[in-house]
Amino acid sequence: PIVVFQNDPNPGIICGEGLVEDYANNDTCYIYSVADLVAFSHSVNSENNYLGKTVELVNNIDIEDNSTYGTLTNTFGDINGNDIETETLDIELTTGEGFIPIGNNTINFQGTFEGNARTISNLYINRPTRQYTGLFGYNNGYIYGLTLVGINIEGNSYTGGITGYNNGDISDIYL
């Protein structure tokens with residue numbers, strides 16, 4: 001089936017419909033764009049574990065295709081570790097340290113990630129000294145229905161494609 005790209009109504013906001021993240025009042029959150037994927041990583045790494053929540057991937061995302069980025073309105077600092085801090089999405093997620101994994105051994109994902117048979121392409125992570133490295137650094141929830149294509153991930157111990165360390169459930173994943 002043909003998958004039609006749905007425009008991101010609020011880039012960088014995955015929980016709620018307004019201009020401000022509303023994690024506390026939403027049971028389902030949506031990732032439309034790279035900006036949303038970065039916001040999700042930032043949210044988990046800021047101690048939102050998503051326990052009892054579902055995060056759905058709405059579109060196919062290609063880290064090397066600017067049309068899947070959206071425009072980030074939140075500030076997340078130096079996203080890819082290239083010593084450049086901007087107020088917009090640090091688009092070069094294919095250089096420097098790349099994408100920041102979603103969670104680690106002390107702050108981990110505990111919800112449900114529903115990939116909806118979508119694909120994340122060209123995920124780049126270059127963090128050779130980091131433990132718990134992958135799209136998800138540490139999974140303590142349920143991840144399913146996702147394909148990763150063209151991934152390039154380097155980390156220290158506990159490194160993988162979908163997750164560096166899995167203490168939850170993973171199914172229907174394609175690499």
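All values below were derived from every heavy atom in this structure, side-chain atoms included, with hydrogens, water molecules and symmetry-related copies excluded. Starting from 1, each residue takes its place in the sequence as its number.
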Problem - Sub-4.5 Å side-chain heavy-atom contact between S41 and F99 - result: yes
Handout entry: Donor-acceptor pair, side chain of N26 and main chain of T28, under 3.5 angstrom
Key = no
Exercise for the section: Mind listing the closest non-hydrogen atom pair of I102 and N45 along with its distance? Expected result: C-OD1, 4.2 Å
Problem - Separation between CG of N167 and CG of N140, rounded to the nearest 0.5 Å - result: 4.5 Å
Exercise for the section: Give the cluster check for L37 versus Y23: same hydrophobic cluster or not, with ILVMFWY residues linked at side-chain heavy-atom distances below 4.5 Å. Expected result: yes
Handout entry: I107 backbone acceptor or donor facing N104 side chain under 3.5 Å
Key = yes
Practice task
Find out whether L123 and I153 are in side-chain contact, i.e. whether some heavy atom of one side chain is under 4.5 Å from a heavy atom of the other.
Solution key: yes
Fill in the blank from the handout: When every non-hydrogen atom of P11 is compared with those of A35, the smallest separation belongs to CB-CB, 4.2 Å
Practice task
Please name all residues satisfying side chain to side chain contact (heavy atoms under 4.5 Å, CB included) with Y158, sequence neighbours left out, ordered by chain then number.
Solution key: Q131, Y132, Y165
Exercise for the section: Name the orientation class of the two ring planes belonging to F109 and Y50 (parallel below 30°, tilted from 30 to 60°, perpendicular beyond 60°). Expected result: tilted
Problem - Contact check, side chains of I151 and N122, non-hydrogen atoms, under 4.5 Å - result: no
Practice task
Scan I162, T163, L148, L135 and name whichever one has a side chain to side chain contact (heavy atoms under 4.5 Å, CB included) with I173.
Solution key: I162
Practice task
Kindly compute the distance separating CG (N10) from CG (D22), expressed to the nearest 0.5 Å.
Solution key: 11.5 Å
Completion exercise
All heavy atoms of P101 vs all of I125, minimum pair found to be CG-CD1, 4.2 Å
Exercise for the section: Classify the side-chain pair T112/Y144 by whether it contains a donor and acceptor separated by less than 3.5 Å. Expected result: no
Problem - Same cluster (ILVMFWY, side-chain, under 4.5 Å), Y138 and I120 - result: no
Handout entry: Heavy-atom side-chain proximity of N59 to S33 below 4.5 angstrom
Key = no
Practice task
Measure from NZ or CZ of K53 to the centre of the six-membered ring of F113, then state whether that distance is under 6.0 Å and the direction lies within 45° of the axis.
Solution key: no
Completion exercise
Rounded to the nearest 0.5 angstrom, the CG-OG1 distance for N156 and T129 is 7.0 Å
Practice task
Please examine the side chains of E21 and S43, heavy atoms only from C-beta on, and report whether any two atoms are closer than 4.5 Å.
Solution key: no
Exercise for the section: Could you tell me which non-hydrogen atom of N126 sits nearest to which non-hydrogen atom of E154, and how far apart they are? Expected result: OD1-OE1, 3.4 Å
Practice task
Check whether any side-chain heavy atom of V44 lies under 4.5 Å from a side-chain heavy atom of N49, and answer yes or no.
Solution key: no
Handout entry: ring-ring contact (aromatic ring centres under 6.0 Å, His included) against Y32, all qualifying residues, sequence neighbours excluded
Key = none
Exercise for the section: Indicate if I170 and L51 have the same hydrophobic cluster label, given that clusters are the connected sets of ILVMFWY residues with side-chain heavy-atom separations under 4.5 angstrom. Expected result: no
Exercise for the section: Drop me the distance from D36's CG to I61's CD1, to the nearest 0.5 angstrom. Expected result: 7.0 Å
Problem - Between D62 and T68, a side-chain donor and acceptor under 3.5 Å - result: no
Handout entry: Residue pair N108 / Q110, side-chain donor-acceptor N/O under 3.5 Å
Key = yes
Practice task
Flag the pair N116 / V58 as yes when at least one side-chain heavy-atom distance between them is below 4.5 Å, and no otherwise.
Solution key: no
Handout entry: Within one Ile-Leu-Val-Met-Phe-Trp-Tyr cluster: V20 and Y30, side-chain cutoff 4.5 Å
Key = no
Handout entry: Taking every non-hydrogen atom, the tightest pair across D169 and N166
Key = N-OD1, 4.0 Å
Problem - Full working for side chain to side chain contact (heavy atoms under 4.5 Å, CB included) between I100 and R127 - result: CA-CA 9 Å; I100 298 172; R127 298 175 184 270; 3.1 Å; yes
Problem - L146 side chain near E114 side chain, heavy-atom distance below 4.5 Å - result: no
